[in-house]
Protein chains: 2
Amino acid sequence: MPEKSIPDIVVSRLPRYLQALEHLAKDGIQTTSSQELGEFIGISAAQIRKDLSQYGEFGKQGKGYNVHYLIDKLREILKVNRIWEMVLVGAGNLGHAIANYQGFAEHGFRIVLIFDSDPQKIGQKAGSLIVQDANQMVDLIRHRGIKIGMITVPASEAQAVADSLVTAGIRAILNYAPITLSVPQGVHVQYVDPIIYLQRMTYYLE
Amino acid sequence: MPEKSIPDIVVSRLPRYLQALEHLAKDGIQTTSSQELGEFIGISAAQIRKDLSQYGEFGKQGKGYNVHYLIDKLREILKVNRIWEMVLVGAGNLGHAIANYQGFAEHGFRIVLIFDSDPQKIGQKAGSLIVQDANQMVDLIRHRGIKIGMITVPASEAQAVADSLVTAGIRAILNYAPITLSVPQGVHVQYVDPIIYLQRMTYYLE
DNA sequence: ATATGTGAAATCTTTCACAGCG
DNA sequence: CGCTGTGAAAGATTTCACATAT
């Protein structure tokens, strides 16, 4: 598995490949080709082959790719062939929806701590967990060695929460707040902001 | 406003610029530079200048950009200087969280119809709206001339819902279901899938 | 016959660096 | 002087097209 600075843009496509392959597997399909996979997700066959070739030779000439084998390889590459514990900060509407979403667990992401600073929310249930006091956040996260956090607090509090998460040892943040976070080198952030996605589409309308 | 096939990658950055500028405006800042804006959102100053220059000359040499003027211009370019009506399909946990999220309205996106096919959910409230029967979806959407839809149904139903939305005249879809949608040329789709974002980050962990 | 893996070519995107203007 | 707007250069990404393997 040779790995010398593979471009981020390649990495960003791998989860889509994995998702599509899992879909094919669920439909009972054993073998696929870069062509078929590409049509399925709207990416050129050459690009898929080139992307995968960065990590090894997973296909067979004249035959294509074994779906289960490629799923295993991609899970290994993406490091999702294990359970990842996560912390959720913000127990509002969105936080509750996320706490109840089964999709995380199905993909090996387990929410094990939920925090809020609102005394009304602390002690309440969210999903199967009890909302903890945000004051204890840094200690509890550090103690469990959690590396992934999700932020669902209002924009005005998001940067402070991010700072606490980084202090607690979090290395990856999924940010639902509509604000760009400032984090140290080596901490990864991904943004989930529906407004931005909508604005990317209205541009093309009418 | 000369517009001859500006790359999608440029368009995709404009909402981030707008978001950052609105943030600056809220803080009372009147003027900014490509340098300052770039540091704020982690994009090079040259890139911001080049992107904006595709649409006109919005800055003043030696001075920078007037924040409010640039906000106005970006809203015009992105066509968000108006109210957009939207339809939401899927009144589960996530659908309810979205229906209650004030951020949409604050940015001119108004959810005016919510559908579900579950008899238990039809007639119930979601946000300030009543959940309608999905059977009536195509007619009601077409009648109101709505162009933007959000999908929060399970993956297994998402493609069928997308097909109905397209039939109803929807031209932009924000898809929360973990599946790649197949839509005709000219219909835009953006994906909101937290699992994929998490997998993009676990790659870099450990 | 068919589909991979991959150098080379084509295309796209970003950065550089500076003329020009307030 | 400071910062924009922008050609040109550098760099990154995608596509092509084919040798190769089954």
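Numbers restart at 1 for each chain; the letters A, B, ... are given by sequence-line order, proteins then strands. Excluded from the calculations below are hydrogen atoms, water molecules and symmetry mates; all remaining heavy atoms, backbone and side chain alike, are included.
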Tell me whether the OP1 or OP2 atom of C:dG5 has a side-chain N or O from A:Tyr65 closer than 4.0 Å. yes
Please round to the nearest 0.5 Å and tell me the distance separating atom CZ of B:Arg16 and atom CD of A:Gln199. 11.5 Å
Contact list for DNA chain C against residues 25-35 of chain B - heavy-atom distance below 4.0 Å: none
Nearest-Å distance, CD1 (A:Ile43) to C1' (D:dT13)? 13 Å
Rounded to the nearest Å, what distance is computed from the CG atom of residue B:Asp8 to the P atom of nucleotide D:dT14? 13 Å
Separation of D:dT4 atom C1' from B:Tyr69 atom OH, nearest Å, is 14 Å
Interatomic distance where CG belongs to A:Leu70 and P belongs to C:dT4 [whole Å]: 11 Å
Looking at residues at least two apart in the chain, or sitting in another chain, which of them share a ring-ring contact (aromatic ring centres under 6.0 Å, His included) with B:Tyr204? A:His188
Rounding to a whole Å, what distance do you find between B:Leu52:CG and D:dG5:C1'? 10 Å
Do other residues, nucleotides or ligands put more than 12 heavy atoms under 6.0 Å from B:Arg110 CZ? no
Pairs flagged by ring pair (Phe, Tyr, Trp, His ring centres under 6.0 Å) wherever residues 6-52 of chain A is involved - sequence neighbours left out: A:His23-A:Phe40
Could you tell me how far apart A:Glu39 (CD) and C:dA3 (P) are, to the nearest whole angstrom? 11 Å
Partners meeting ring-ring contact (aromatic ring centres under 6.0 Å, His included) with B:Tyr197 (sequence neighbours left out): none
Please check if the side chain of A:Gln159 supplies one atom and the backbone of A:Ser182 the other of a donor-acceptor pair under 3.5 Å. yes
In the 5'-to-3' direction, what one-character label does each nucleotide of nucleotides 14-22 of chain C receive under the scheme B = base within less than 4.0 Å of a protein heavy atom, S = sugar-phosphate only, - = no such atom? SB-B--BBS
Would you give the length of the straight line joining atom OG of A:Ser164 to atom CG of A:Asn135, rounded to the nearest 0.5 angstrom? 9.5 Å
Side-chain donor-acceptor contacts of residues 144-157 of chain B below 3.5 Å, not counting sequence neighbours, with atom names and distances?
{"residue": "B:Arg144", "atom": "NH2", "partner": "B:Glu85", "partner atom": "OE2", "Å": "3.2"}
{"residue": "B:Thr152", "atom": "OG1", "partner": "B:Val89", "partner atom": "O", "Å": "3.2"}
{"residue": "B:Thr152", "atom": "OG1", "partner": "B:Gly90", "partner atom": "O", "Å": "2.7"}

